[in-house]
Amino acid sequence: GWYEHRHDFNILFMMYEEMKKDLRSSVLKISSFLEKELSEEDLDAVVNQATFENMKLDPQADLDHLLNSANCTRTKDGHFLRKGTIGDWKNHLTVAQNERFDRIFQKKMKDFPLKFIWDIDEE
């Protein structure tokens, strides 16, 4: 639904898979969107701090810390953050389910201009 409003608001579309695949390019994309030029030193620092491994170690990026400090409650099913690797969903669906997903996706998303990354090795 947000894509339909891309011209109404100043929105940057980023995908988890993009960040996992090439964090440096993702940081550059964000800084460009914000019209903020980063020095190489600042860029390196942001990329280093924004790795998923380092974010796990930062209490301010920890979901439990955030929920407790903001008096938020969890949904009944627990965490909302995704786990697994890019394309891991394929390991949880049968061949028939994968084929059905592909058919429905192609039908409903054939004209959608954003590119999805289905495999970490995709170009």
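All residue numbers refer to positions in the sequence shown, counting from 1.
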Chemist: On a heavy-atom basis, which atom in Glu18 and which in Ser26 lie closest, and how many Å separate them?
Modeler: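 Glu18 and Ser26 have their closest heavy atoms at O-OG, 3.4 Å.
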
Chemist: Measure the spacing between CD of Glu99 and CD1 of Ile104 and express it to the nearest 0.5 Å.
Modeler: 12.0 Å

Chemist: Check Leu38 against Val27 and note the closest heavy-atom contact, atom names and distance.
Modeler: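 Scanning both residues completely, I find the closest heavy atoms to be CD1-CG1, 4.1 Å.
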
Chemist: Determine, using the 4.5 Å side-chain heavy-atom cutoff (strictly less than), whether Phe101 and Val95 are members of one ILVMFWY cluster.
Modeler: no

Chemist: Side-chain contact test, heavy atoms from C-beta onward, threshold under 4.5 Å: evaluate it for Arg100 versus Arg103 and give yes or no.
Modeler: yes

Chemist: Check whether Ser32 reaches the backbone of Lys29 with its side chain - one donor and one acceptor, N or O, closer than 3.5 Å.
Modeler: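 No, Ser32 side chain to Lys29 backbone: no donor-acceptor pair under 3.5 Å.
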
Chemist: Of all heavy-atom pairs between Phe33 and Asn10, which one has the smallest distance, and what is that distance?
Modeler: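 Phe33 and Asn10 have their closest heavy atoms at CE1-OD1, 3.3 Å.
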
Chemist: If you take all heavy atoms of Leu43 and Leu28, which pair is closest and at what distance?
Modeler: CD2-CD2, 3.7 Å

Chemist: Considering non-hydrogen atoms only, spot the tightest contact between Asp44 and Arg24 and give its length.
Modeler: OD1-NH1, 2.8 Å

